[in-house]
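Report on one structure; see the data block that follows.
Convention: sequence-line order gives letters A, B, ...; per-chain numbering from 1.
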Protein chains: 2
Amino acid sequence: MSDRPRTRDDPTTEEARTFVSSGLEREAMVALFGRCRVDYEGRAASTLGPGDRLVVLKPDGTALVHTDEGQQPVNWQPPGCTHDVATEDGALVLRSERSTPRELLVVRFERLDHAVAYDGTDTNDLALTGTEDDLRQRILAEPSLIEPGFEPRATERDTPAGAVDIFGADAEGAAVVVELKRRRVGPDAVGQLTRYVDALERDLHAGREVRGVLVAPSVTDRARRLLAERGLEFVPLEPTG
Amino acid sequence: MSDRPRTRDDPTTEEARTFVSSGLEREAMVALFGRCRVDYEGRAASTLGPGDRLVVLKPDGTALVHTDEGQQPVNWQPPGCTHDVATEDGALVLRSERSTPRELLVVRFERLDHAVAYDGTDTNDLALTGTEDDLRQRILAEPSLIEPGFEPRATERDTPAGAVDIFGADAEGAAVVVELKRRRVGPDAVGQLTRYVDALERDLHAGREVRGVLVAPSVTDRARRLLAERGLEFVPLEPTG
DNA sequence: GCCTAGGTCCCGTCA
DNA sequence: TGACGGGGCCTAGGC
């Protein structure tokens with residue numbers, strides 16, 4: 001059972017600082033609603049002028065700055081950062097920092113409307129279906145979905161170009177590389193499959209032919225053309241059936 | 001100036017329904033703190049058992065479900081969805097739905113601890129530097145960064161394989177395809193450059209050689225090997241200098 | 001720590 | 001609307 005969330009309306013800067021500081025110390029999730037500016041410097045650099053936003057600080061070191069639009073935060077810091085709260089020139093200032101790579105996010109509030117510290121428990125994990133792994137299981141359970149006589153020999157087989165999703169043999173015993181995608185594929189997936197096929201042709205006995213099969217629900221025109229150019233094949237298949 | 005956020009502590013289900021409903025109607029950002037289960041069905045499908053979470057509904061149709069860990073929401077719905085709030089069996093239930101593709105997110109609260117409706121204004125746009133476009137500008141301003149005598153002829157030049165970042169000519173007049181990356185590159189970027197070079201060699205007079213140059217801060221071993229195999233070149237360069 | 005590839009990727013842009 | 005590629009992508013899994 002979680003503590004009830006603690007909240008503050010229109011806190012003074014000092015009240016807010018104490019509130020956020022103790023929230024972070026208690027490993028609570030802290031949510032702040034107010035008008036702020038945001039500066040970021042690290043892998044890139046950004047500035048964001050004043051606006052009303054939702055800022056979330058998580059106990060794992062995540063920071064999120066959300067505007068009223070978009071699924072993605074306008075600014076953020078990944079897990080592992082160290083959060084810090086201070087007052088500067090009478091204003092509440094959040095800093096979230098990490099090294100490797102060195103990155104710093106600074107949120108300066110010019111008005112803080114509402115603050116929440118939420119100390120919850122969440123032990124449940126997400127159960128997800130319709131992934132690439134489901135597609136793999138489906139094929140391993142019924143290899144003929146690729147073609148009659150197909151025999152899987154290994155998954156995640158290593159090659160100089162990386163790990164192949166499914167490696168197997170066709171009815172004639174020829175090597176087959178299978179690349180799986182859970183959704184409609186574009187040219188990038190063909191490039192991936194190409195690299196694996198090339199690497200295996202080099203790796204196995206020279207001259208041995210290696211077939212490459214792309215498995216996905218569907219394929220774009222350009223990807224289909226690329227497959228044809230490179231002598232690769234396509235098998236339409238959904239991750240769940 | 002924004003209205004002060006409206007908030008509710010431990011609302012009854014009916015209070016909560018009214019509160020969320022009017023918040024959505026006012027195009028406010030709604031944030032809910034409580035214990036909930038989440039079901040999703042659409043491009044994939046997922047279930048998530050009970051836990052204490054932060055749920056955010058944005059006026060643009062975005063829905064976010066955040067646990068106390070991770071930068072990414074555990075469940076979400078992209079902008080463009082229609083939010084709906086109802087009471088079912090005495091509990092607050094949120095539905096967020098879209099078509100194309102058909103997707104539905106359902107959040108069932110078994111306890112709602114705190115609710116916020118935040119009606120802010122945010123007119124400022126993010127100013128970001130250190131992007132691939134900065135790298136492009138840098139090269140166009142000083143083409144010799146690629147090599148002495150390099151002359152850019154076009155950006156985003158269209159080919160049957162897609163648009164080339166920078167297309168130009170070297171000191172001997174040979175065609176050069178330049179692919180830009182703002183950060184360290186792996187094998188995928190080599191695949192991209194390969195596609196562009198192949199397409200242009202086919203597109204221009206047959207037999208005309210086309211050089212391919214990958215520009216990035218650095219490159220992985222595997223990518224470097226791939227570049228060598230395929231007769232492509234690498235120029236180390238940062239997006240900002 | 002880096003590398004590699006998946007993701008309900010999101011997101012902008014352009015046909 | 002779909003396709004294509006960028007992203008401070010994030011995240012999981014290996015090595």
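- Positionally, the nearest nucleotide of DNA chain C for B:T220 lies more toward the 5' end than for the other of B:T220 and B:N75.
- Side-chain nitrogen and oxygen atoms of A:R222 include at least one within less than 4.0 Å of the OP1 or OP2 phosphate oxygen of D:dC4.
- Nearest to the side-chain atoms of A:K181 among the listed nucleotides C:dT4, D:dG8, C:dA5 stands C:dA5.
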Check the pair B:V55, B:L94 against side chain to side chain contact (heavy atoms under 4.5 Å, CB included), reporting the backbone distance first and the verdict last. CA-CA 10 Å; B:V55 178; B:L94 305 176; 3.8 Å; yes
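- One finds a side-chain N or O of B:W76 lying less than 4.0 angstrom from the OP1 or OP2 phosphate oxygen of C:dC10.
- Taking 3.5 Å as the limit, the base of D:dG8 and the side chain of A:Q77 contain a donor-acceptor pair of atoms between them.
- Between A:D60 and A:T62, the side chains place a donor N or O and an acceptor N or O closer than 3.5 Å (distance only, hydrogens not considered).
- Defined by atom type and a distance below 3.5 Å, a donor-acceptor pair is missing between the side-chain atoms of A:T155 and A:D165.
- Within the nucleic acid shown, B:P187 comes within 4.0 Å of sugar-phosphate atoms alone, with no base atom in reach, counting heavy atoms only.
- Counting any heavy atom pair closer than 4.0 Å across all strands shown, A:E156 reaches no nucleic acid atom.
- Residue-to-nucleotide proximity on DNA chain C shows that, of A:P73 and B:A45, the 5′-proximal contact is made by B:A45.
- Nucleic acid contact class of B:R195 (heavy atoms, under 4.0 Å, all strands): sugar-phosphate only.
- Rounded to a whole Å, the CG atom of A:D221 is 14 Å from the C1' atom of D:dT1.
- Atom NZ in B:K58 sits roughly 13 Å away from atom C1' in C:dC11 (whole-Å rounding).
- Rounded to a whole Å, the OH atom of A:Y40 is 12 Å from the P atom of D:dG7.
- Under 3.5 Å, the side chains of B:K58 and A:H66 contain a donor-acceptor pair of N or O atoms.
- Judged by distance alone, the side chains of B:R184 and B:S218 do bring a donor and an acceptor atom under 3.5 Å apart.
- In the model, B:R230 has a side-chain atom that pairs as donor or acceptor with a side-chain atom of B:T194 under 3.5 Å.
- Place B:Q71 and B:T100 on DNA chain D by their nearest nucleotides, and B:T100 ends up nearer the 5' end.
- Here C:dA5 presents its P atom at 5 Å from CD of A:Q192, a figure rounded to the nearest Å.
- At the phosphate of D:dC9, OP1 or OP2 sits under 4.0 Å from a side-chain N or O atom of B:R183.
- No hydrogens or angles considered: a donor-acceptor pair under 3.5 Å links the side chains of A:Q192 and A:K181.
- Distance CG (A:D165) to P (C:dA5): 10 Å, rounded to an integer number of Å.
- Nucleotide D:dG8 forms a pair with no other nucleotide shown, judged by Watson-Crick or G-U wobble geometry with both contacts under 3.5 Å.
- As rounded to whole Å, 20 Å separates atom P of C:dC10 from atom CG of B:L128.
- Take the nearest nucleotide of DNA chain D for A:V185 and for A:P78: the residue whose nucleotide is more 5' is A:V185.
- No engagement by B:P101 is indicated, since no non-hydrogen atom pair under 4.0 Å with the nucleic acid exists.
- Contact annotation: B:Y196 reaches the phosphate of D:dG5 (side-chain N/O to OP1 or OP2, under 4.0 Å).
- Between the CG atom of A:D158 and the C1' atom of C:dC3 there is a distance of 12 Å, rounded to whole Å.
- Residue-level contact check: B:A161 touches the backbone only, with heavy atoms under 4.0 Å from sugar-phosphate atoms and none from bases.
- If you take atom C1' in C:dG6 and the same atom in C:dC10, they sit 14 Å apart, rounded to whole Å.
- Distance check on atom P: D:dC4 versus D:dG8 gives 23 Å, rounded to whole Å.
- Checking C:dT8, D:dG6, D:dA3 against every side-chain atom of B:E179, the shortest atom distance belongs to D:dG6.
- Between B:R182 and D:dC9, a side-chain N or O to OP1/OP2 separation shorter than 4.0 Å is present.
- In the set C:dG7, C:dC10, D:dC10, the nucleotide with an atom closest to the side chain of A:R43 is D:dC10.
- With both ends at atom P, the span from C:dT8 to C:dT4 equals 23 Å, rounded to whole Å.
- Here B:G130 lies out of heavy-atom contact (under 4.0 Å) with every strand.
- Rounded to whole Å, atom C1' of C:dG6 lies 14 Å from atom CG of A:L214.
- Nucleic acid contact for A:T131: sugar-phosphate only, since backbone atoms but no base atoms lie under 4.0 Å from a heavy atom of the residue.
- Residue contacts for A:E103: at a heavy-atom cut-off of 4.0 Å it reaches a base atom on one of the strands shown.
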